[in-house]
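Reading through the structure tokens given below for one structure.
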Amino acid sequence: MVSFSERLLDRLRHTESVVALTGAGISASSGVPTFRGKDGLWNKFRPEELANLHAFLKNPELVWEWYSWRRELIRNVKPNLGHYALVDIESYFSEFTLVTQNVDNLHQVAGNKRIIELHGNIMRNKCVDCNYQVASQELEAGIVAEEKKIPTCPQCGSLIRPDVVWFGEMLPEEAITRAQEAASAAEVFFSIGTSSTVEPAASLPYLAKGNGAYLVEINPDETPLSSVTNERFAAGADEVLPALAIEIEKMRSRYR
Ligand code: NAD
Ligand code: ZN
């Protein structure tokens with residue numbers, strides 16, 4: 001049984017401005033491995049060694065093989081109760097923003113409306129040179145030419161890469177700016193299933209708290225953020241978020 005403090009419930013009762021920042025942990029119980037988890041076949045590679053431009057240019061076959069494996073895996077999984085609870089929670093607040101570090105598209109499949117993707121989306125791809133956009137379905141349907149399993153750009157002939165943010169790359173400027181604005185305005189900020197180590201996303205909860213937000217963490221393990229949170233739930237997002245959605249529904253309908 002998950003229970004929520006009066007302080008948290010009181011904040012949620014009186015605000016419209018709520019932000020949820022999610023990381024790989026929310027998708028763990030859907031069967032998408034986190035970067036800190038066991039990736040079977042891919043155990044011998046560190047994600048940092050594959051998810052960067054240098055590695056891609058040096059060995060595009062290997063990096064594409066990893067992404068094709070991840071994309072296939074993601075295609076075969078479904079959102080879990082944690083994702084669906086966030087769809088319900090969004091519906092109770094007029095200013096709810098979901099900021100995600102995930103690239104797995106599961107929040108979109110679940111049905112959240114206002115989503116800021118900080119790290120791109122594995123279902124999209126782009127040319128390394130001219131930025132030409134290619135959907136993953138187009139790659140799989142063979143619409144885009146492939147040589148040695150590496151797709152090339154129909155416009156300029158350069159390599160096509162996944163449209164995700166790799167280590168050492170800048171985040172899409174509009175996405176991080178919108179996320180910072182939402183974090184600054186938030187009255188309650190949830191950090192869910194993220195190890196809170198990847199910048200600049202890791203700074204968003206500090207920005208929120210510095211501007212007066214009540215900070216809540218949902219993660220079975222402690223993170224560098226844990227000691228600064230106002231409230232912490234040491235349990236899975238798929239357990240805590242559905243309970244939270246029920247609480248919010250009860251009180252928001254009572255007070256409206
Ligand atoms: P991470 O792998 O560094 O950390 C995952 C966190 O989730 C850990 O702190 C872990 O304790 C926690 N966790 C595990 N199970 C959980 C559960 N059931 N409920 C709640 N929390 C749980 O992930 P990160 O912080 O998102 O950062 C790593 C980077 O990896 C990000 O940039 C992200 O884009 C990328 N990534 C994305 C996916 C995805 O899209 N699903 C998967 C792996 C990595
Ligand atoms: Zn191109």
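For ligands, and for the atoms within them, numbers begin at 1 and follow the listed sequence.
- With rounding to the nearest 0.5 Å, the separation of SG in Cys127 from CG in Leu159 is 8.0 Å.
- Near Gly193, meaning under 4.0 Å from any of its heavy atoms, are these atoms of ligand 1: 5 (C), 6 (C), 7 (O), 20 (C), 21 (N).
- For atom 22 (C) of ligand 1, the choice among Ser27, Pro220, Ser30 with the nearest heavy atom turns out to be Pro220.
- Classification of the Trp64-Tyr67 ring pair by plane angle, with boundaries at 30° and 60°, yields perpendicular.
- Contacts of Val32 with ligand 1, taken as heavy-atom pairs under 4.0 Å, involve the side chain alone.
- Counting heavy atoms only, Asn219 comes closest to atom 8 (C) of ligand 1 of the residues Leu118, Thr34, Asp221, Asn219.
- Heavy-atom proximity to Gly236, at under 4.0 Å, picks out these atoms of ligand 1: 17 (C), 18 (N), 19 (N).
- For ligand 1, the polar-atom distance check against Phe35 finds a nitrogen or oxygen pair separated by under 3.5 Å.
- Under 4.0 angstrom from ligand 1, there are no non-hydrogen atoms of Thr197.
- For the atom pair Phe233 CZ and Leu244 CG, the distance stands at 7.0 Å (nearest 0.5 Å).
- The closest approach between Ile26 and ligand 1 stays at or above 4.0 Å for every heavy atom of the residue.
- Contact atoms of ligand 1 toward Asp238: 18 (N) (distance under 4.0 Å to a heavy atom of the residue).
- Using the six-membered ring where Trp is involved, His107 and His83 have ring planes that are perpendicular, over 60° apart on the 30 and 60° scheme.
- Interface of Ala24 with ligand 1, defined as ligand atoms under 4.0 Å from a residue heavy atom, comprises 2 (O), 23 (O), 24 (P), 26 (O), 38 (C), 42 (C), 43 (C), 44 (C).
- Annotation: the span from Cys130 atom SG to Ile160 atom CD1 amounts to 7.0 Å, rounded to 0.5 Å.
- With a heavy-atom cut-off of 4.0 Å, Pro33 touches ligand 1 through its backbone alone.
- Annotation: the span from Leu225 atom CG to Lys209 atom NZ amounts to 9.0 Å, rounded to 0.5 Å.
- Counting only non-hydrogen atoms, the option in Gly23, Ser195, Ala235, Ala237 that gets closest to atom 3 (O) of ligand 1 is Ser195.
- Ion pairing between Glu181 and Arg178 fails under the 4.0 Å rule for side-chain N and carboxylate O.
- With respect to Glu16 and Arg252, a salt bridge is recorded, a charged nitrogen being found less than 4.0 Å from a carboxylate O.
- Polar contact with ligand 1: absent for Thr223 (N/O pair, distance under 3.5 Å).
- For atom 32 (O) of ligand 1, the candidate residues are His119, Arg70, Gln101; the nearest heavy-atom contact is made by His119.
- When rounded to 10 degrees, the angle formed at the Zn ion (ligand 2) by SG (Cys127) and SG (Cys130) equals 110°.
- Checked for salt-bridge contact, Arg11 and Glu231 miss the test: no charged N lies under 4.0 Å from a carboxylate O.
- Inclusion of Asp104 in the set of residues having an N or O under 3.5 Å from an N or O of ligand 1 is warranted.
- Taking distance alone, with nitrogen or oxygen atoms compared against 3.5 Å, Val198 stays at or beyond that limit from ligand 1.
- In summary, Asp10 and Arg13 engage in a salt bridge, as defined by a charged side-chain N under 4.0 Å from a carboxylate O.
- Checked against Ile116 for a side chain to side chain contact (heavy atoms under 4.5 Å, CB included), the options Ile176, Leu98, Thr97, Thr100 give a single hit: Thr97.
- Taking a cut-off of under 4.0 Å to the non-hydrogen atoms of Ala28, the atoms of ligand 1 that pass are 15 (N).
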